[in-house]
Number of protein chains: 2
Amino acid sequence: MMVRRGGDVTDAAPPSLLYSVKQVELATRARLDELLRPSGVTALQYTALTVLERRDGMSSAELARNSFVTPQSMSDLVGALERRGLIARSPDPASRRRHVISLTDEGRELLALHAPAVQHLEDEMLTGFTARERAVFRDLLNRARAALG
Amino acid sequence: MMVRRGGDVTDAAPPSLLYSVKQVELATRARLDELLRPSGVTALQYTALTVLERRDGMSSAELARNSFVTPQSMSDLVGALERRGLIARSPDPASRRRHVISLTDEGRELLALHAPAVQHLEDEMLTGFTARERAVFRDLLNRARAALG
DNA sequence: TCTGATACTCAGGATTCCTGATGATTGAGG
DNA sequence: CCTCAATCATCAGGAATCCTGAGTATCAGA
């Protein structure tokens with residue numbers, strides 16, 4: 001077993017990039033949960049709404065794959081959003097087993113209501129970043145995501 | 001309400017950086033859970049072990065703050081790790097209400113056992129990254145984390 | 001037509017994480 | 001010295017999340 005001299009933190013290897021990613025996500029999720037608490041939607045539900053905002057008409061199964069959860073779990077989440085009137089499901093004319101999901105006006109209102117605070121949170125995360133660094137950060141994150149399948 | 005022309009994805013605004021961070025974390029956590037399943041520890045438990053590997057002697061409350069969960073939740077997690085013999089708690093000589101947590105040899109063995117696969121996962125995430133880009137990625141992540149308090 | 005894969009859902013249970021409450025300890029201020 | 005607020009840890013109970021397993025309907029291809 002390796003002997004460590006006096007527990008000096010600077011002795012240790014730097015944290016892995018996997019860990020750094022997790023830390024940033026944990027910090028943002030904590031802030032996002034707090035921010036969304038009054039509205040009664042969780043960070044995960046809000047995320048699903050933002051996905052639908054960008055890609056309207058996704059199915060529950062597609063959302064599940066996008067969020068790395070089982071179709072059953074996403075069915076629960078989607079059911080909750082539907083009961084709250086934030087989304088609506090309708091049969092897909094192209095395939096009778098699929099149900100396409102759309103934001104309702106109420107869902108869009110909820111997104112619009114919180115957009116400024118969420119943008120502020122993102123700006124806070126990027127404090128001290130130049131515009132160039134923001135672009136680089138976006139590029140690196142997207143490439144990391146793509147590399148993981 | 002805004003009218004969208006034909007659902008063209010390229011019409012949409014790019015996803016927020018908050019979302020991109022979440023996507024990378026979701027992808028890595030899914031892979032990490034799968035990777036760790038045989039060992040019976042969750043990704044969160046494994047993460048706590050790696051934190052202790054770098055900073056031995058933390059208290060449960062410190063770990064909780066580090067992971068953005070309540071002290072009660074961390075107490076559950078720490079209790080599970082202790083029952084499995086991966087960590088040991090001992091009273092802090094400097095303060096009788098604190099318990100310092102240390103990895104056991106068994107805990108260190110578990111980390112060593114999975115280190116190669118975890119490193120491989122990180123390498124996979126960084127596919128196509130130059131050494132320079134990896135350093136930049138690390139710097140940006142650390143600054144983002146620091147900016148969030 | 002038959003077969004395998006996919007989409008969705010229900011039922012049940014395991015896990016995780018929370019709120020609330022309790023006890024012990026500490027340090028600051030009167 | 002003596003409150004008293006703050007901190008550490010933990011127990012109890014419950015809410016939320018996510019899973020496995022099972023079942024139905026639909027689709028696509030051999």
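Every chain is numbered from 1, with letters handed out A, B, ... down the list of sequences.
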Cationic N near anionic O, under 4.0 Å, R98(A) to E62(A):
yes
Under 4.0 Å between a side-chain N/O of S60(A) and OP1 or OP2 of dA7(C), yes or no?
no
I'd like to know if R143(B) pairs up with D139(B) as an ion pair, taking the criterion as any Lys NZ or Arg NE/NH1/NH2 lying under 4.0 Å from an Asp or Glu carboxylate oxygen.
yes
Classify the side chain of Q72(A) versus the base of dG12(C) as yes if they form a donor-acceptor pair under 3.5 Å and no if they do not.
no
Can you identify which nucleotide, out of dA7(C), dT26(C), dT10(D), has its nearest atom closest to the P71(B) side chain?
dT10(D)
If Ile, Leu, Val, Met, Phe, Trp and Tyr residues are connected whenever their side-chain heavy atoms lie under 4.5 Å apart, and connections chain through other members, are V24(B) and L126(A) in the same group?
yes
R97(A) vs L44(A), nearer the 5' end of DNA chain D by closest nucleotide
L44(A)
From CD of E62(B) over to P of dC8(D), roughly how many Å is that when rounded to an integer?
8 Å
Any ion pair linking E25(A) and R29(B) (charged N to carboxylate O, less than 4.0 Å)?
no
I need the single residue from S90(A), S60(A), S59(A) that forms a side chain to side chain contact (heavy atoms under 4.5 Å, CB included) with I101(A). Which is it?
S60(A)
Can you measure D76(B) atom CG to dA16(D) atom C1' for me and round it to whole angstrom units?
15 Å
R89(A) side-chain N/O to dT9(C) phosphate OP1/OP2 under 4.0 Å
yes
Atom CZ of R29(A) and atom C1' of dA16(D) are separated, to the nearest Å, by 13 Å
5'-most contact on DNA chain D: R98(B) or R37(B), nearest heavy atom basis?
R98(B)
I need the CD1-P distance between I101(B) and dT10(D), as an integer number of Å.
8 Å
Grab the CD-P distance between E34(B) and dC19(D) for me, whole Å please.
13 Å
Can you tell me if the side-chain N/O atoms of T70(B) get under 4.0 Å from OP1 or OP2 in dC17(C)?
no
In whole angstrom, what separates L63(B)'s CG from dT7(D)'s P?
18 Å
What I want to check is whether an N or O donor and acceptor connect the side chain of R96(A) with the base of dT26(D) at under 3.5 Å.
no
If you compare every side-chain N and O of S59(A) against the phosphate oxygens of dC8(C) (OP1, OP2), does one of them come in below 4.0 Å?
yes
Would you indicate, yes or no, if dT16(C) has its OP1 or OP2 atom less than 4.0 angstrom from a side-chain nitrogen or oxygen of S73(B)?
no
Under 4.0 Å from OP1 or OP2 of dT10(D): is there any side-chain N or O of S75(B) that close?
yes
Find the distance D33(A):CG to dT16(C):P and express it as a whole number of Å.
18 Å
